[in-house]
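Single-structure report; data block below.
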Amino acid sequence: MTEIEEVAARLRAFAAARDWEVFHTPKNLAMALAGEAGELLAEFQWLTPEEAASLDEESLARVRSEMSDVATYLIRLADVLGVDLIEAIHAKIDEVDKRYPPLTS
C-alpha cells in the first residue's frame with residue numbers, strides 16, 4: 001500500500017467514524033478543495049515574490065496547514081471517485097511532456 005493509499009484509507013475511516021460519508025460527495029469535496037485552495041492563496045496575497053519565498057516560521061506553519069487541507073480534500077475526492085491519484089499525475093505529466101517537449105541546447 002502506498003502512502004497516499006494509507007492516507008486515503010485513514011481519511012475514509014475518519015469520515016466513516018463520524019458518519020460524514022453523506023457529506024463527502026464529489027461536489028462537496030471539490031467545493032471544499034476550492035475553498036482550502038483559496039485559503040492557501042490568501043496566505044500569499046500581497047507578498048512580494050521574495051517575501052513569498054522566505055516565509056517566517058509562523059507564516060510557514062499556516063501555509064503548511066493550508067497545504068495539508070488542500071491535499072486532504074484532493075486525496076479524499078480521488079478516493080470517493082475511485083481515481084488513482086498517482087496514476088493520474090503521471091498521465092498528466094506524460095501529456096504535458098508531449099505538448100511541451102524539453103528545450104534543446
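Every heavy atom of this structure was used, including side-chain atoms; hydrogens, water molecules and symmetry mates were not.
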I'd like to know whether CD of Gln45 has more than 12 heavy-atom contacts from other residues, nucleotides or ligands below 6.0 angstrom.
yes
Spacing of CD belonging to Glu3 relative to CZ belonging to Arg10, to within rounding of 0.5 Å
12.5 Å
Taking all atoms of both residues into account, what is the closest heavy-atom pair of Leu81 and Pro26, and its distance?
CD2-CG, 3.5 Å
So how far is it from Ser65 OG to Leu60 CG, rounded to the nearest 0.5 Å?
11.0 Å
Please enumerate all residues that pass side chain to side chain contact (heavy atoms under 4.5 Å, CB included) together with Ser59, with sequence neighbours excluded.
Leu55, Asp56, Arg62
Who passes side chain to side chain contact (heavy atoms under 4.5 Å, CB included) against Lys98, sequence neighbours left out?
none
Which residues share a ring pair (Phe, Tyr, Trp, His ring centres under 6.0 Å) with Phe14, sequence neighbours left out:
Trp20
Hey, could you give me the CE/CD distance between Met1 and Glu6, rounded to the nearest 0.5 Å?
6.5 Å
Do other residues, nucleotides or ligands put more than 12 heavy atoms under 6.0 Å from Glu58 CD?
no
Within-4.5 Å side-chain heavy-atom neighbours: Leu11 and Asp79:
no
What distance separates His24 NE2 from Arg18 CZ, expressed to the nearest 0.5 Å?
10.0 Å
Taking all non-hydrogen atoms of both residues, which atom of Ala15 and which atom of Glu21 are closest, and how far apart?
O-OE1, 3.9 Å
So, Glu5 side chain and Thr2 main chain: donor-acceptor pair closer than 3.5 Å or not?
yes
What pair of heavy atoms forms the shortest contact from Glu51 to Trp46, and how long is it?
OE1-O, 4.1 Å
Give the cluster check for Met31 versus Val70: same hydrophobic cluster or not, with ILVMFWY residues linked at side-chain heavy-atom distances below 4.5 Å.
no
Show every donor-acceptor pair shorter than 3.5 Å between a side-chain atom in residues 83-94 and any protein atom, with sequence neighbours excluded, or say none if there are none.
{"residue": "Asp84", "atom": "OD1", "partner": "Ile86", "partner atom": "N", "Å": "3.1"}
{"residue": "Asp84", "atom": "OD1", "partner": "Glu87", "partner atom": "N", "Å": "2.9"}

Considering residues at least two apart in sequence or located in another chain, which fulfil the salt bridge (Lys or Arg N to Asp or Glu O under 4.0 Å) criterion with Asp69?
none
Surrounding CZ of Phe44 (heavy atoms of other residues, nucleotides or ligands, distance under 6.0 Å), is the total greater than 12?
yes
Taking side chain to side chain contact (heavy atoms under 4.5 Å, CB included) as the definition, give me every residue that meets it alongside Met67, ordered by chain and number, with sequence neighbours left out.
Leu40, Val63
For residues Phe23 and Asn28, report the shortest heavy-atom separation together with the two atoms involved.
O-ND2, 2.9 Å
For atom CD of Glu95, is the number of surrounding heavy atoms from other residues, nucleotides or ligands below 6.0 Å larger than 12?
yes
